[in-house]
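Every value quoted in this text rests on a predicted model; they were computed, and no experiment measured them.
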Amino acid sequence: MDYRKCAQEIYDLVGKKENLVSAAHCATRLRLVTNDNSKVDMKKLEDVEGVKGVFSSNGQLQIIIGTGVVNKVYDEFLDISGMTAATKADVKAAAAAKQPLPFRMIKALGDVFVPILPAIVAAGLMMGLLEGMTKIWPDMANSGTYQILHLFSNAAFVFLPILIAVSAARVFGGNIFLGAVIGMIMVHTDLVNAWSVASMLEAGEKIPQASVWFGLYNINLTGYQGHVIPVIIAVWFMCFLEKKLHEKVPEMIDLFVTPLVTVLVTGYLTLTIFGPVFSTLEEWILIAVQWIIKIPYGLGAAVAGAIYPLTVVAGVHHMYNTVEARMLSTGKNTWMPIASSANFAQGAACFAVALKTKNQKFKTLALPSSLSAFLGITEPAIFGVNLRLIKPLVCGMIGGACGAAVGAMLGIGATAYGVTGLFGFLTCADFIWQYAIMLAVSFGVSFTLSWFLYHDKPEEEGEAAEESPALPEITCEPGKVYAPIKGNVIPSADIPDETFAAGVLGEGVGIEPEEGVVYAPFDGEISSTTETRHAIGISSPDGMELLIHVGVNTVAMEGDGFELFCAEGDQVKAGQKLMTFDIDKIKAAGYSTTTAVLVTNSDDYAELAINEGECEPLDCVITVSNGESAKETETVEA
């Protein structure tokens with residue numbers, strides 16, 4: 001093929017350079033990030049000679065070209081567009097950068113807090129356990145053991161700004177040790193501990209002050225223990241300044257000048273501007289949230305509990321960590337009961353589906369997902385079950401609202417954040433029975449509503465009887481591909497499609513299916529899926545790349561009759577169900593059901609042997625190996 005002609009047509013149809021952000025390629029696909037996907041002519045792209053398919057996933061435009069060809073088209077594409085080569089990681093980062101600013105800011109908050117959650121969770125659980133033990137053995141509070149364990153449980157909260165600063169520096173691309181220094185400055189022992197300010201004012205003591213900016217105004221010399229937003233803003237500025245200095249300062253003196261100027265400028269701005277301004281803003285946010293929670297009869301908390309799952313769906317729920325961390329610095333975390341009620345209610349709705357449905361697929365998915373939600377991890381329940389069925393999601397929102405209202409009226413508070421559900425008992429040691437009542441209300445309302453309002457659809461009831469039996473576990477051998485489908489194996493040259501038959505996408509086999517179920521052909525990672533759900537890419541630990549393409553030209557069915565049970569990045573085991581497809585629908589649409597199973601990097605192997613004839617799932621159908629001779633394709637009669 002004419003690689004340059006193909007690249008030129010792609011370049012024109014994606015909107016040329018003004019619509020391009022980044023470009024990379026993998027073994028079979030061009031991966032592009034565009035400014036506006038609506039400017040891309042998807043239909044005409046699919047008609048370009050050499051292009052085998054086009055789809056959009058996770059903000060990336062992925063154009064399937066094929067092994068051994070894509071790299072040549074990519075080189076021509078870079079030459080035509082004037083762009084520089086990027087990695088797949090660069091493309092993913094560029095896709096994320098296209099999100100609106102508020103979402104990028106919230107994502108940054110999540111990226112900062114998620115790595116330090118284990119430290120906060122460990123400290124909070126330890127604190128809850130200590131409080132529980134002192135209720136059982138009051139004398140323990142006077143023991144040396146208690147003092148030591150209390151020190152352990154308190155450390156993460158005392159030095160929280162340092163933890164946040166290190167994590168933020170990593171997220172914003174700065175030196176994490178310089179970030180740690182900024183965090184240390186904000187909690188330095190020469191500053192009055194923020195938790196001591198209130199008691200000093202009550203005792204009539206004056207807070208030390210310093211004149212700054214040449215006498216323009218004074219600042220209180222107080223630390224920022226328990227603060228979050230000022231630390232993140234300070235470290236963001238530090239990273240920005242450090243990068244600029246690395247660009248401008250000569251390399252000979254960069255090692256000395258950049259760290260010095262970075263710490264000096266950032267530290268002064270932090271104590272004189274960032275700290276005072278953003279700590280005040282943080283106080284206003286905290287006051288607003290506490291005001292909402294304290295609205296009479298728990299109405300504010302009820303609204304928050306109802307919308308909490310929607311923020312999980314939107315992926316912005318990590319923003320609550322900022323509020324919770326600030327609450328802990330001033331007392332109890334009263335937002336935690338709202339989150340716990342919402343999470344527990346979603347688990348209850350999912351549990352109702354698990355018990356009521358006759359669909360084995362939903363039952364096996366819903367039961368463990370509900371148990372996970374009861375322990376505080378709701379994504380499997382929300383995304384796997386409730387959001388797909390809608391009614392359980394709404395019932396869970398109502399149950400979460402009721403439980404949150406009860407929690408607010410009972411004044412429940414926690415000693416940590418990041419811990420909800422049943423584990424919340426450990427962080428609500430002072431409110432055990434109140435917490436139990438709150439969870440009971442959340443569970444009861446959500447479960448009852450879901451039980452009476454959810455009903456299996458007729459087609460779902462029919463699916464229950466059609467579930468495929470579980471396949472036995474096998475030990476995968478390197479270089480072997482096991483049949484992903486039951487049917488008749490034919491050489492790839494006999495697949496009724498010129499592209500597959502010619503080996504453009506790699507050598508392999510075709511399978512004429514007898515059942516509409518696709519299983520994992522070996523242990524590996526899902527490298528790609530299509531929006532039309534008809535094709536899956538999977539990579540093995542030893543580097544084999546496999547394409548499973550169900551039917552010929554089935555992309556035109558736009559997903560009708562196909563259902564995926566995996567996503568890009570999933571780790572799968574041989575025999576795990578990946579997809580179901582409707583054989584009758586494919587035939588009715590006028591397409592061949594012959595499924596291509598191709599080793600897309602077959603050029604990397606000297607020999608490829610296939611086993612023709614009837615096969616059961618997990619029978620060996622392809623064996624690849626390396627040898628000294630040129631690659632041969634050997635057909636072994638079954």
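Side-chain contact between Met327 and Val289: present, with at least one pair of heavy atoms (C-beta onward) separated by less than 4.5 Å. Using a 4.5 Å heavy-atom cutoff, the side chains of Ile273 and Phe278 are not in contact. The side-chain heavy atoms of Gln346 and Leu393, taken from C-beta on, include a pair separated by under 4.5 Å. By the 4.5 Å heavy-atom criterion applied to side chains, Leu271 and Leu191 are counted as neighbours. The side-chain heavy atoms of Trp335 and Ile293, taken from C-beta on, include a pair separated by under 4.5 Å. Residues Ile285 and Ile229 meet the side-chain proximity criterion, which asks for heavy atoms closer than 4.5 Å. Put simply, the side chain of Ile10 reaches to within 4.5 Å of the side chain of Cys6, judged on heavy atoms.
Tyr11 places a side-chain N or O within donor-acceptor distance of the main-chain N or O of Lys17, the cut-off being under 3.5 Å. A side-chain donor-acceptor contact under 3.5 Å links Asn601 to the backbone of Gly543. Remark: the backbone N or O of His150 is paired with a side-chain donor or acceptor of Ser153 at under 3.5 angstrom. For Ser340 (side chain) and Pro337 (main-chain N/O), no donor-acceptor pair under 3.5 Å exists by modelled atom type. In this structure, Glu525 contributes its side chain and Ser539 its backbone to no donor-acceptor pair below 3.5 Å. The backbone N or O of Gly275 lies less than 3.5 Å from a partner atom in the side chain of Ser279, making a donor-acceptor pair. The main-chain N or O of Gly421 is never found under 3.5 Å from a side-chain atom of Asn343 such that the two would form a donor-acceptor pair.
For the atom pair CE (Met42) and CG (Leu61), the distance works out to 5.5 Å, reported to the nearest 0.5 Å. Taking NZ of Lys16 as the reference point, atom CD1 of Ile80 lies at 11.0 Å (rounded to 0.5 Å). If you take CG on Leu30 and OH on Tyr74, they are separated by 8.5 Å, rounding to the nearest 0.5 Å. Separating the CG atom in Asp523 from the CD1 atom in Ile538 is a distance of 8.5 Å, to the nearest 0.5 Å. The CG atom of Asn19 sits 5.0 Å away from atom OG1 of Thr34, with the distance rounded to the nearest 0.5 Å. The CE atom of Met186 lies 10.0 Å from the OG1 atom of Thr222; values are rounded to the nearest 0.5 Å.
The aromatic rings of Phe425 and Tyr435 sit perpendicular to each other, their planes meeting at more than 60°, with 30° as the lower class boundary.
Under the side-chain hydrogen bond (donor to acceptor under 3.5 Å, both in side chains) criterion, Ser527 pairs with no residue at all, not counting sequence neighbours. Applying the side-chain hydrogen bond (donor to acceptor under 3.5 Å, both in side chains) rule to Tyr224 yields no partners; only residues at least two apart in sequence or on another chain are considered. Not counting sequence neighbours, Ser196 has no partner by the side-chain hydrogen bond (donor to acceptor under 3.5 Å, both in side chains) test. For Asp79, the side-chain hydrogen bond (donor to acceptor under 3.5 Å, both in side chains) partners at least two apart in sequence or on another chain are Arg4.
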Decide yes or no on side chain to side chain contact (heavy atoms under 4.5 Å, CB included) for Phe274 and Ile182, but give the supporting numbers first. CA-CA 12 Å; Phe274 299 150; Ile182 298 302; over 6 Å; no
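Under a cut-off of 6.0 angstrom, the local environment of CD in Glu251 is sparse, with at most 12 non-hydrogen atoms contributed by other residues, nucleotides or ligands. Tyr217 OH: more than 12 foreign heavy atoms inside a 6.0 Å radius.
Of all non-hydrogen atoms in Pro276 and Ile219, the two that sit nearest each other are CG-CG2, 4.5 Å. The minimum heavy-atom distance linking Asn35 with Val21 is given by the pair OD1-CG2, 3.1 Å.
Within the structure, side-chain hydrogen bond (donor to acceptor under 3.5 Å, both in side chains) contacts touching residues 255-271 (residues at least two apart or in different chains) are Asp254-Thr258.
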Kindly list each side-chain donor-acceptor pair under 3.5 angstrom involving residues 231-243, sequence neighbours excluded, with atom names and distances?
unit_1, atom_1, unit_2, atom_2, d
Glu242, OE1, Asn175, N, 3.0
Glu242, OE2, His246, NE2, 3.4
Lys243, NZ, Phe172, O, 2.7

